[in-house]
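Notes to accompany the following structure.
Quick caveat, the model's predicted, so the values are computed rather than measured. Only this structure's heavy atoms are used, side chains among them; waters, hydrogens and symmetry mates stay out.
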Amino acid sequence: MGHDFRSRACYLKTIMTAPSDTAAADKPATHPDRKPHLYLVDGSAYIFRAYHRLPPLTNPEGTPVGAVYGYTTMLWKLAQDLDDAEGPTHLAVILDKASQSFRHDLYPEYKANRPPPPEDLRPQFPLIRDATRAFSLPVIEEEMLEADDLIASYARAATRKGWDVTIVSSDKDLMQLVGTCTDPDDGVEPGCVDMLDTMKNARIEIPEVVEKFGVPPEKLGDVLALMGDSVDNIPGVRGIGPKTAEKLINEYGDLESVLNAAPEMKKSKMRENLIEHAEMARLSRQLVQLKEDCDLPMPLEKFALDGIPKEPLADFLSTHGFTSLLKRLGAGAGSPSRPNDLNPAKPQNAAADAGTRQSLPEWPAVDLDSYECVTTLDRLDAWIERAFAAHAVAVDTETSSLDSMQAEMAGISLALGPNDACYIPLAHGSDDMFAEKPEQVPVAEALARLKPLFESDAVLKIGQNIKYDLTVLNRVGITVAPVEDTMILSFDLDAGRGGGGIGQAHGMDSLAETHLGHTTMTFKDICGTGKKAIPFSAVPLDKATQYAAEDADVTWRLWKILRQRLADEGGTRIYENVDRPLIPVIAMMERNGIKVDREHLARLSAEFAEQIASLEAEVHEMAGETFSIGSPKQLGDILFDKMGLKGGKKGKSGQFSTDQTVLEKLAGEGVPMANKVLEWRGLSKLRSTYTEALQQAINPETGRVHTSYSLVGAQTGRLSSTDPNLQNIPIRTETGRQIREAFVAEPGNVLLAADYSQIELRLAAHMADVPPLKEAFANGEDIHARTAQEMYGEVTRDTRAQAKTINFAILYGISRWGLAGRLGTDADEAQAVIDRYFERFPGIQKYIVHTLEKVRETGYSETLFGRKTHFRNINSKNPNERQGAERAAINAPIQGTSADIIKRAMVRMMPALHEAGLDNVKMLLQVHDELVFELPEGDVDAARPVIERVMAEAALPSVELSVPLGIEIGTGHSWGAAH
DNA sequence: CAAATCACG
DNA sequence: GACGTACGTGATTTGC
């Protein structure tokens, strides 16, 4: 074989940084030997998606052409693929021209809910036709026929002739056609239909349809009919969504059987709905049925791809300023990989800047004077009645604190549409006993009226970070459900796209700015800041109404926009199955809190303080002067200037680095002061961050500590924890571990800690398909030992440690220098280790290559459950930025999938425990791969297997892993003892 | 308000 | 051959 490790390394490096376009130019046009393969491009659907994904580019004349650009590159790529065995021999673009179709005769409301196309997309429709003609490709469009029906008819006609067909679309209605293999005319090999989603670069075949809908394509029509579709306004059956529809069809076989069986079902809301809406279901079935026998406006043979004449295409490209495409055309280069044409506002990567587009739905501008201040019961009742009728209401509570466990409610705002919002003040003026209290609906009465609305299954409650409102309202006895959250919608669509601070990226102010072009009033505008800040309940009602109702209005508008995008861009899976159902679960965990032993912490604090003081004295004596040890600046000056030790300066600030690695090195060289400083630092950290701060965090009412989890805190989909952060409580050192002893169960209860063992490595073994690692996990082996065995042929303490280091290095995206630093070797030797690893586990190298290729092309990575993380620097010209993005992109699918899995476990946990009769088990904390519960001592034996099963099976049924998920469980009176 | 440091997975 | 020295977080302290 003669492997050359060095050249392999170079290969990896190249693929990690080079642009990915490799396609050759001007391909031979015809393939007489090949079985005909017809590509039918669903042009209308494509440009809607391209519009949302691409930045608001304009051509030299100022016409918006972002979607046209996306469309052009897509066609280019398809037309270039004709060499592929899977590529097209025939191609046509189908456009939706129909304003009316037979479906409107069946159901006048069909597509009635569809908003008009965005303002700056409209002028692009005719350009799409121009673009298609520029490629000399046929455009098919017919009055009274929808694109779907034309596509179905052409697909049928082609398969009948024995052609294969690929439908370029991701429309779910068209998925009904997937796998259709019509009997051919006279003994020719049958043709088959699949779909291609060019944005995700994914083929959709029968298994993908089954994955998405739980039924094969021939039954998809029945499922779609039951679940309905809000975009096309297909009614379906009220209360039945995709999951229920899937279950029913799988149970009874088809729609008619479901409807016929309904009267025999056990009494439930669903049964009533099935009976009541049976006719609507039948009508829906007709609406989703594709018409496969349309007259074909142009015969199939005319679709043959015959090469693309350059001149008309060049004309088109130059007219619209697509200069880099033009260059490629001239140079005869292949498909474009990076849209850096035109006058992009700033983005280098088109995908990176979507979501900042300019156009708005046709809504009136936000009008602060349009809002109503509700001060009477009659007016409140009127709003509640309208909210019931609307089935969706944006809600925002105004309070006295950011801590939802301590906040006092000042008022509630509602919105039912643009500029259709109100504020209901409840506790204004109560802070100042001398001020005159404005007229308001009495709190108790108002809450009693709002409760049925907020608890109604039939009305969606929409919020921006609604977890907060859930807790505030829960504390006054209202259990809000079902909910929608615009912050989480934004996160599921745009994680990683945000410019500045992570927390701000999905904040309301920034969302209003990007999606609505609207600048909201800020809290500090009306309440002030710092010492002069006043509570919201002290704000005069007119101002308060403007501020509060505006938030609800904006939230409602954002919901409309983001919901639409979610469907268009494929975010529904992660939002509906994982993040949205998690909201109430997290809210519950936060409310549960965890008991902390204040005396234990105080005792530790005192001990630490004593040791800190004596260490401080020693250090000062060694230094010969007193100084602030906590100041890296002063410490650096002492160590490196005064004592003359060698050590490097840090680039930007020109300051000496004195961090752990530097001090440890000095200690190793025999500088006793370094050790003392390290000890001092460790204890100071523990004291200030933990033993002191945690005492402050104990809620006076509950006597417990209630963290706040952010669902949008980490780009990969992990949770983050703040106020206090309970995800970084010490465990790695003995001293630190004592702090965990302070987290305790109530008397009679115990804490139970359950964690996924090596979940990220297991996922890497699965996702990269590494047989020896999968085998090791299946057998319950020590994974690092197995790695050492594979790489070095023997397991010693050294080889195992090295194997462990590289296993983690792989998860994080590797560089030879980084690994060298960790292994204590030089870069050459580290490179040899990397090469050896890739040689033994070639799947890992392939995974890295494929992941990066995909991210470069699309701008985002995806987890096994469809969570996207965007990387705006993935094609950056700055090597630092780019390589940083590459490392993050390698890690994100693994870390993110792990996050998805534990979130799924959390969503299922309480129902599973309830089913097992374990209603006294409380879920308290999540620490990335660990869940902490509190439960009566007597319930441990019963709860343990339930918790283990839910966690181990959390990926199912959506994803079937090829490795088992190992769970380790411990119990004890304290969190420390439960490990 | 940014930088440096260090706690966790 | 240079680049910089692993992924993802949050809290505290110092010092401008």
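Residue A:Ile729 is in sugar-phosphate contact alone, with no base atom involved, counting any heavy-atom pair closer than 4.0 Å across all strands shown. Residue A:Ile731 is classed as a sugar-phosphate contact, given heavy-atom separations below 4.0 Å to backbone atoms only. Note on A:Thr805: a base of the nucleic acid sits closer than 4.0 angstrom, heavy atoms only. As judged by a 4.0 angstrom heavy-atom cut-off over every strand, A:Ala888 is placed among residues touching the sugar-phosphate backbone only. Note on A:Gln660: only backbone sugar-phosphate atoms sit closer than 4.0 angstrom, heavy atoms only; bases stay farther off.
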Nucleotide by nucleotide, 5' to 3', does protein get under 4.0 Å of the base (B), only the sugar-phosphate (S), or neither (-) in nucleotides 10-16 of chain C, counting heavy atoms? BBSSSSS
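Using Watson-Crick or G-U wobble geometry with both donor-acceptor distances under 3.5 Å, C:dG8 finds its partner in B:dC8.
Using a distance-only test at 3.5 Å, with no hydrogens or angles considered, a donor-acceptor pair links the side chain of A:Asp826 to the main chain of A:Glu829. Looking only at distances, a side-chain donor or acceptor of A:Ser721 sits under 3.5 Å from a matching main-chain atom of A:Leu726. Put simply, the side chain of A:His870 never gets that close to the backbone of A:Tyr860: no donor and acceptor are under 3.5 Å apart.
You'll find a donor-acceptor pair under 3.5 Å spanning the side chain of A:Arg822 and the base of C:dA6, going by distance alone.
Between A:Ile629 atom CD1 and B:dT5 atom P the separation is 15 Å, expressed in whole Å. Between A:Ile739 atom CD1 and B:dA7 atom P there is a gap of 10 Å when expressed in whole angstrom units. Across the protein-nucleic acid pair, A:Leu761 atom CG and B:dG9 atom P stand 15 Å apart, rounded to whole Å. Separating the CG atom of A:Asp755 from the P atom of B:dC8 is a distance of 15 Å, rounded to the nearest angstrom. Atom C1' of nucleotide C:dA6 and atom NZ of A:Lys804 are separated by 15 Å, given to the nearest angstrom. Rounded to whole Å, the distance from CD on A:Glu930 to C1' on B:dG9 is 10 Å. Atom CG in A:Asp900 sits about 16 Å away from atom P in C:dG8, given to the nearest Å. Taking atom CG of A:Leu719 as the reference point, atom C1' of B:dC8 lies 14 Å away to the nearest angstrom.
Close to B:dG9, at under 4.0 Å from its OP1 or OP2, lies a side-chain N or O of A:Arg732. The side chain of A:Arg681 contributes an N or O atom lying less than 4.0 Å from OP1 or OP2 of B:dC6. Side-chain nitrogen and oxygen atoms of A:Arg718 include none within less than 4.0 Å of the OP1 or OP2 phosphate oxygen of C:dG8. The phosphate of B:dT5 has OP1 or OP2 within less than 4.0 Å of a side-chain N or O from A:Thr658.
To the nearest 0.5 Å, atom OG1 of residue A:Thr691 and atom CZ of residue A:Arg598 are 12.5 Å apart.
On the C1' atoms, B:dA7 is 30 Å away from C:dC3, given to the nearest whole Å. If you take atom P in C:dT5 and the same atom in B:dA3, they sit 15 Å apart, rounded to whole Å.
The shortest side-chain heavy-atom distance between A:His928 and A:Gln727 falls under the 4.5 Å cut-off.
Relative orientation of the A:Trp975 and A:Phe743 rings is perpendicular, given thresholds of 30° and 60° on the angle between their planes. Classification of the A:Phe640-A:Phe656 ring pair by plane angle, with boundaries at 30° and 60°, yields tilted.
Heavy atoms only, all atoms of each residue included: A:Gln715 and A:Thr869 are closest at O-OG1, 3.0 Å.
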